[in-house]
Amino acid sequence: MKIWGRPKDSGLVESISLLALHLLEGDFAHSFAVPGWIGLALPCVKMANPVPSACCMVLAAVVVVYAQRHSQPDSHTQFERVGADVTMKCGSMDWDAAVTWTVNGTDIDESHLNGSYLILKNVDLSQSGQYSCYEGSAWHLKYQTTLKVGTPPREPVLMCRSNNYPKGFYCSWHLPTPTYIPNIFNISVIHGTKEMVCEKDAVPKNRCHIRYLQLFSTVKYKVTLTVTNALGKNYTTVTFDEFAIVKPDPPESVVAKPVPNNPRRLEVSWQNPSSWPDPESFPLKFFLRYRPLILDQWQHVELSDGTSHTITDAYAGKEYIIQVAAKDNDIGTWSDWSVAVHATPWTEEPKHLTTEAQITETTSASTSSFMAPPTTKICDKGAVVGSGAVAVCWTAGLVVAAYSALFI
Amino acid sequence: MAGADSPSAALRRRDLCARGIRLAGKMRSDVVDLLDAYVEQQGLDASASVAAVEGVPPAAVERWDEQTGTQRLLENLAAYRAFRGLLAQMLEEQREQLGEADAALGRALAAVLLQVSAFAYHLEELLRLESRGPPTDEGDGPPPQPQSVFEQKLRGLGVLRELAQWAVRSARDLRQLAKPGPGAGSAPSPAESP
């Protein structure tokens, strides 16, 4: 049996039922006249015998049952608050009708029913799902709804910042707790009497940006964010001066290097953040902090120009951690700290010689029967010291010994 | 006299701009301190919004990056000349209201007034270097006198806030001016006549 298409109008059940009726009555001519059907090809149609055959009767019955079970009543969605009591009616069914309710395809126990009404008390998030109501033993779908349990929005958190002054600024937001249902955010930006357009970013979705129309204004900006969902609404407002929100991104490409023949120096360089559009006209100043890994206390240096600095008081031979922050020379606040870099000042004794001596000493102590030949390079890995190198040397020694035993 | 674009003029311009930037930075720092002291002494709310006050030149500008060097200098000079008159008036009002009760505030006001005058002179020097010469300081007469003591206080708040913004703007303007290439001092447009 082929079925092409479906009725363009709703009323699938009616169409199929009518079709089935025609089939049962042997009225094959009218089966094609059932409104909305594009075409229906049945093997039975070819029979010239007007008496409906048994197969057609069975087919018709199957079609009717199929239509009744899979026809789609209008789909509903309902939003309810966590903790609410929810009553679902089975469409237009009477209270005393015999029905079966399911949630996500699973039967719901009759204890939740009041007549044909489904009662859900003190709903929680786990009760979100698709609820369906079927009539009697025929399982005729009478009503279907998607229940979404959630909460109204709490006051959103809104932040505005200019990391690309003087081009503009952006505002970003989030909800302190999820609502579990869809939310719509609307933002308005007012400067004096002017309403400004905040263009939403594609990514991330909770951000928009504004271009400055004026610079050096004493008039404050007022930004209001409203969040709305099916269960409620909330909003927050922030007010700020043009200068107050200026905060560059951290400096980029921070590099720290030892200075040859200088055991107490480290040369640090960095670049302006790429998001800062005009460092020549709007220069940044920098704050550098550094400490040896073994200490907790930072040293700080503020630098009014340039993108490099030489630390001259480093402890010899100690590994340092270094970070840099940036700020507009005149306005705003400091950036976050840059990614940390590590460096150790130059030392007179090359590290790899010291390491090799330590490894050789360790190997002699723990591998007395299986001494690796002096030319073995496996152990000669520069900074590798300690138990890891001993294991490598042990293995190398065994291999060499086995090889020697085979061929000597 | 060296032309505006000669190497010596360019060096002189860069030197004047560098000094002007330092002067603007110091001025801003002092104005911010003075603003805090003024708000406290006058019993004002630091976050209060003050509507645009007549006679106080607003620092706010649209299309700032499109201005020519000469436009920047002329607007700056007009502003600081206006601030000179406004601060002198504030100083007088402060002495009348408080006498010697708050000498520190008076001294701070006087110090800022001196810096504003010095900066105005600095701008005149830069304009002379542009072979323009500064416009004559005819002004529009003394600034309008506020009616009440409260209005005086609010205007004072507005003056200092706007001056702090101008100090930042001036440093930015001078950095633009100090850049090599066009934009440091173009031919004046008809709108720039003094």
Side-chain angles (χ1 to χ4, degrees), chain A residues 160 162 164-169 189-197 210-224 237-248 272 276-286 302-307 326-333, chain B residues 14 17-18 21-29 31-32 35 45-53 56-67 69 72 75-76 79 154-155 157-181 183-184:
Chain A
C160 297
S162 174
N164 63 343
Y165 189 81
K167 273 193 174 170
F169 63 94
V189 181
I190 295 178
H191 184 226
T193 54
K194 266 192 190 165
E195 176 139 16
M196 301 173 76
V197 174
I210 301 108
R211 292 188 66 87
Y212 280 122
L213 299 178
Q214 272 187 344
L215 291 180
F216 314 111
S217 173
T218 51
V219 175
K220 289 183 189 291
Y221 289 83
K222 184 175 165 183
V223 182
T224 300
T237 298
V238 294
T239 307
F240 50 83
D241 292 313
E242 175 187 321
F243 292 170
I245 62 165
V246 175
K247 177 180 174 181
N272 289 311
W276 196 252
D278 189 2
E280 207 179 329
S281 304
F282 297 83
L284 296 172
K285 58 183 176 183
F286 302 97
E302 186 168 329
L303 303 154
S304 57
D305 55 16
T307 54
K327 180 184 168 301
D328 177 87
N329 222 36
D330 302 311
I331 61 175
T333 57
Chain B
R14 216 171 62 201
C17 287
I21 290 166
R22 285 195 295 274
L23 187 51
K26 174 74 170 75
M27 185 164 54
R28 189 200 176 208
S29 174
V31 170
V32 167
L35 189 53
D45 177 2
S47 61
S49 292
V50 179
V53 182
V56 179
V61 61
E62 293 183 10
R63 297 194 178 91
W64 172 84
D65 53 333
E66 295 174 14
Q67 287 192 322
R72 296 178 194 281
E75 287 189 18
N76 271 266
L154 279 188
R155 193 191 64 169
L157 181 61
V159 166
L160 293 176
R161 275 186 182 162
E162 217 55 63
L163 180 56
Q165 298 294 99
W166 265 107
V168 175
R169 178 179 164 180
S170 300
R172 312 289 197 194
D173 282 327
L174 292 177
R175 282 198 193 98
Q176 290 291 99
L177 210 65
K179 278 183 182 177

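Just so it is clear, the model here is predicted, and its values are computed rather than measured. Letters A, B, ... mirror the listed sequences (proteins, then strands); counts begin at 1.
More than 12 heavy atoms of other shown residues, nucleotides or ligands fall within 6.0 angstrom of atom NZ in A:Lys220. B:Asp45 CG: more than 12 foreign heavy atoms inside a 6.0 Å radius.
Salt-bridge check for A:Asp328 with B:Arg172: passed, with a basic side-chain N closer than 4.0 Å to an acidic carboxylate O. Taking a cutoff of 4.0 Å between a charged side-chain nitrogen and a carboxylate oxygen, A:Asp278 and B:Arg175 do not qualify as a salt bridge.
Note: B:Ala60 leads B:Ala167, B:Ala60, B:Ala59 in heavy-atom pairs under 4.5 Å with chain A. Between chain A and the residues B:Asp173, B:Val168, B:Leu174, the largest count of heavy-atom pairs under 4.5 Å involves B:Val168.
At a 4.5 Å heavy-atom cutoff, A:Tyr212 makes no contact with chain B through either its backbone or its side chain. Contacts of A:Leu215 with chain B are made by both backbone and side-chain atoms, with heavy-atom separations under 4.5 Å. Within the 4.5 angstrom heavy-atom criterion, only backbone atoms of B:Arg63 (N, CA, C, O) approach chain A.
Within the model, atoms CZ of A:Phe282 and CD of B:Gln176 stand 6.5 Å from one another, a figure rounded to the nearest 0.5 Å.
Shown are A:Ile331, A:Asp241, A:Thr218; of these, the side-chain contact (heavy atoms from CB on, under 4.5 Å) with B:Gln165 is made only by A:Thr218.
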